[in-house]
Amino acid sequence: MEETGLNSEPQVITGSEALMLALKAEGVDTIFGYPGGSIMPVYDALYDYTRGEKKAFDHILVRHEQAATHAAEGYARVSGRVGVALVTSGPGATNTLTGVADAMLDSTPIVVIAGQVPIGALGTDAFQEVDLVGVAQPISKWSYQIRHAEDIAWAVSRAFYIARSGRPGPVVLDFPKNAQTETVAFKPAKVDFIRSYVAQPKLDDDALRQAAELINHAEKPLALVGQGVELGNAQQELQDFLEKADIPAGRTMLGLSALPSDHPLNVGMLGMHGNYAVNLKEQECDVLIAIGMRFSDRVTGKLSTYARQAKVIHLDIDKSEIDKNVKTDVALVADCKESLPALTALLHQGDHQAWRQSFKPLDEKERQRVIEPAIHPKEGPLLMGEVVNAVAELSPDDTVLVTDVGQNQLFATRYFKYHHPRSICTSGGLGTMGYGMPAAIGAAFGVKSSEEHGERSVENGRTVVCFMGDGGFQMNLQELGTIMEQQCAVKLILLNNNYLGNVRQWQDMFWQRRKSFTRMLNPCYELIAQGYHIPYEAVTERNNLRAAIEKMLATDGPYILECAIKEDDDVMPMTPPGKSVEEMMLASPSPSEKASPSPSEGGGVI
């Protein structure tokens with residue numbers, strides 16, 4: 001059986017109220033949504049469950065359905081629970097699909113519940129009818145239509161089980177109006193097993209011994225740490241593993257807060273715009289241990305030349321990731337919460353001091369040529385790196401970093417500091433511009449939820465800062481209305497260079513400086529902030545930056561800090577598209593050196 005009944009007497013109620021009770025049984029405390037005709041019965045039931053004696057949920061009215069899913073993602077990433085979005089049919093449902101795809105690629109557990117026309121009207125091209133199950137199926141872990149009220153308890157419990165178990169991800173529930181209004185003798189269900197779905201693969205003891213043997217005999221081991229460590233809540237297990245084996249570790253963008261920035265074995269960020277030493281050392285190590293990461297093209301560069309010299313050990317809960325991009329010598333298919341301590345128990349005490357010291361000259365080269373000029377410039381306009389660095393220095397250690405997508409994301413993730421788990425929300429796999437602001441809203445409620453569940457004290461609530469470019473800021477600008485209404489204490493830092501900066505950088509570097517439609521005529525953000533009654537300050541001079549940041553952080557509630565940024569500020573280092581990671585550049589080529597790569601080299605893919 002996939003479900004077991006809980007000890008409670010059935011109640012005869014509408015399907016809409018049954019949904020409320022089913023969500024309550026799953027521990028939901030926050031819902032991000034937008035009402036409409038096909039979900040109106042549910043919203044009527046929700047009215048009673050957001051106030052008075054029945055109060056179970058906070059409902060956050062977003063201004064666009066896409067924002068509901070991104071907010072649910074931010075909530076999930078910070079709280080470790082499943083985020084929930086509630087929308088109507090037709091455009092309400094299709095507006096969520098970007099967030100569903102984003103959650104799928106970044107393994108973020110959310111459940112989207114969308115209204116639908118009654119089942120008797122399906123297939124008639126009824127007003128706002130869309131085949132949501134069919135559309136969502138390729139970009140979700142599971143999509144399902146709840147056709148009758150009697151299916152609600154099972155479907156909701158199954159949805160949450162699938163969303164949060166194994167490799168997490170999004171689930172979409174299509175909820176026809178007839179099922180919302182029918183009555184049902186409701187009894188909660190508990191789904192904790194699905195035939196053919198292996199949420200927790202069994203760890204292979206032989207593979208474990210093979211992996212330990214490789215690591216024990218390695219002279220130049222290197223660990224690549226991904227978000228799977230955070231999703232498995234295995235941060236301490238990771239540190240125990242690294243410290244016993246004395247293994248330096250690079251982190252993917254989504255895995256940055258899995259290991260503290262100041263940990264002595266942290267050697268930086270992996271990837272196209274990551275740190276110089278760790279990227280080059282991938283091409284020198286003799287054993288590569290990938291932990292909860294998927295060998296994204298942004299990490300590997302040219303696959304045919306990537307880490308060819310190394311034996312590869314891959315720890316991942318999802319079997320489909322094994323050998324998908326990089327050939328694995330030993331695979332440990334299991335939750336890293338289980339596989340890491342089991343592997344650590346078989347390891348000898350390592351000593352790789354000479355290997356770790358070999359990173360330092362490359363680190364110093366990057367520090368002198370890239371980092372110091374980026375965070376401590378002596379003249380000229382403000383740079384993104386120095387703004388991020390100043391915010392990082394002045395913010396509390398447990399601050400949550402949220403970013404939009406583009407140069408703001410790359411500078412922010414490079415120069416922020418991470419001291420606590422679950423401290424970063426950013427769109428990795430899909431690279432969704434417009435993600436930042438709604439995700440920051442969700443992160444703020446994720447912080448609140450964690451406090452209410454006793455995970456952190458209310459007095460020490462975490463600060464949420466969000467870096468955005470002028471392009472991404474305007475993509476979901478309407479969510480300032482949500483911030484205004486909820487008084488979300490998010491600090492929005494607008495890095496304004498009047499360009500779609502990342503595209504501009506690629507045009508300069510690879511497309512003969514032909515800036516095709518990347519310069520932006522921007523509005524007056526001060527007037528926009530005034531319209532939403534959100535405190536605002538603009539910084540144009542370097543000597544005003546730190547005082548403005550201090551004021552922002554000291555202000556209760558939301559805040560917008562606009563920084564006028566150098567227009568042609570480039571994110572460096574950079575592995576050019578289609579190139580091997582050892583070809584990483586520390587500086588932008590001069591105009592005479594700039595040439596367009598061929599399409600086969602990925603010149604058109606940002």
Side-chain angles (χ1 to χ4, degrees), residues 32 38 64-73 76-77 82-117 119 122-123 125 128-147 151 155-156 158-176 191 194-199 226-228 231 254 293-298 316-325 405 426-435 438-439 604-606:
F32 303 93
S38 290
H64 190 283
E65 292 89 354
Q66 179 186 346
T69 51
H70 293 327
E73 289 183 272
R77 295 273 276 273
V82 179
V84 178
L86 181 64
V87 299
T88 193
S89 64
T94 57
N95 281 344
T96 68
L97 293 176
T98 295
V100 172
D102 192 277
M104 187 67 175
L105 284 170
D106 286 352
S107 303
T108 305
I110 66 171
V111 172
V112 176
I113 302 167
Q116 181 59 279
V117 302
I119 60 172
L122 291 173
D125 290 334
Q128 295 190 334
E129 178 194 355
V130 169
D131 179 10
L132 180 61
V133 172
V135 173
Q137 192 168 10
I139 56 171
S140 63
K141 280 189 76 176
W142 186 50
S143 60
Y144 181 76
Q145 188 174 79
I146 306 174
R147 296 174 67 87
D151 299 326
V156 170
R158 195 177 199 264
F160 276 77
Y161 174 64
I162 291 173
R164 66 165 66 99
S165 64
R167 180 180 182 172
V171 171
V172 175
L173 292 177
D174 194 36
F175 198 15
V191 175
I194 299 173
R195 189 174 58 186
S196 79
Y197 172 59
V198 182
Q227 189 194 194
L231 296 174
L254 294 183
M293 55 87 71
R294 59 188 178 88
F295 286 113
S296 158
D297 62 294
R298 282 300 186 263
D316 205 287
I317 199 169
D318 186 355
K319 187 177 181 180
S320 71
E321 290 297 339
I322 306 300
D323 295 332
K324 185 175 78 175
N325 294 325
V405 167
T426 193
S427 174
L430 199 63
T432 306
M433 288 180 66
Y435 170 93
V605 181
I606 289 182

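Values below: all heavy atoms of this structure, side chains included; hydrogens, waters and symmetry mates excluded. For clarity, every value in this text was computed on a predicted model and none was experimentally measured.
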Distance in Å, [X] [atom1] paired with [Y] [atom2], rounded so as to fall on 0.5 Å steps:
X	Y	atom1	atom2	value
Gln227	Arg167	CD	CZ	9.5 Å
Ser107	Asp318	OG	CG	7.5 Å
Tyr144	Asp174	OH	CG	11.0 Å
Trp142	Gln137	CH2	CD	11.5 Å
Leu173	Leu132	CG	CG	9.5 Å
Asp151	Arg158	CG	CZ	11.5 Å

Short side-chain to backbone donor-acceptor contact, [X] and [Y], under 3.5 Å:
X	Y	result
Gln116	Val130	yes
Thr96	Thr69	no
Asn325	Phe295	yes
Ser38	Thr88	no
Asp106	Gly428	yes

Count the heavy atoms belonging to other residues, nucleotides or ligands that lie under 6.0 Å from NZ of Lys324, then report whether that count exceeds 12.
yes

Thr108 and Arg77: CA distance, side-chain angles, deciding distance, side-chain contact (heavy atoms from CB on, under 4.5 Å) verdict:
CA-CA 7 Å; Thr108 305; Arg77 295 273 276 273; 3.5 Å; yes

Minimum-distance pair of heavy atoms, taken over all atoms of [X] and [Y]:
X	Y	answer
Ile110	Gly99	CD1-O, 4.3 Å
Pro170	Ser140	O-CB, 3.5 Å
Ala136	Val172	CB-CG2, 3.9 Å
Pro168	Lys141	C-CD, 3.9 Å
Ile162	Tyr197	O-OH, 3.7 Å
Val135	Pro138	O-CD, 3.3 Å

Kindly indicate whether the side chain of Val84, heavy atoms from C-beta on, has any atom under 4.5 Å from the side chain of Phe160.
yes

For side-chain contact (heavy atoms from CB on, under 4.5 Å), just list the numbers for Val87 and Asn95, CA-CA rounded to whole Å, side-chain angles, deciding distance to a tenth of an Å, and then say yes or no.
CA-CA 9 Å; Val87 299; Asn95 281 344; over 6 Å; no

Go through the steps for Thr98 and Leu430 under the test side-chain contact (heavy atoms from CB on, under 4.5 Å), then give the verdict.
CA-CA 9 Å; Thr98 295; Leu430 199 63; 4.3 Å; yes

Dump the intermediate steps for side-chain contact (heavy atoms from CB on, under 4.5 Å) on Leu122 and Glu129, then the final yes or no.
CA-CA 7 Å; Leu122 291 173; Glu129 178 194 355; 4.1 Å; yes

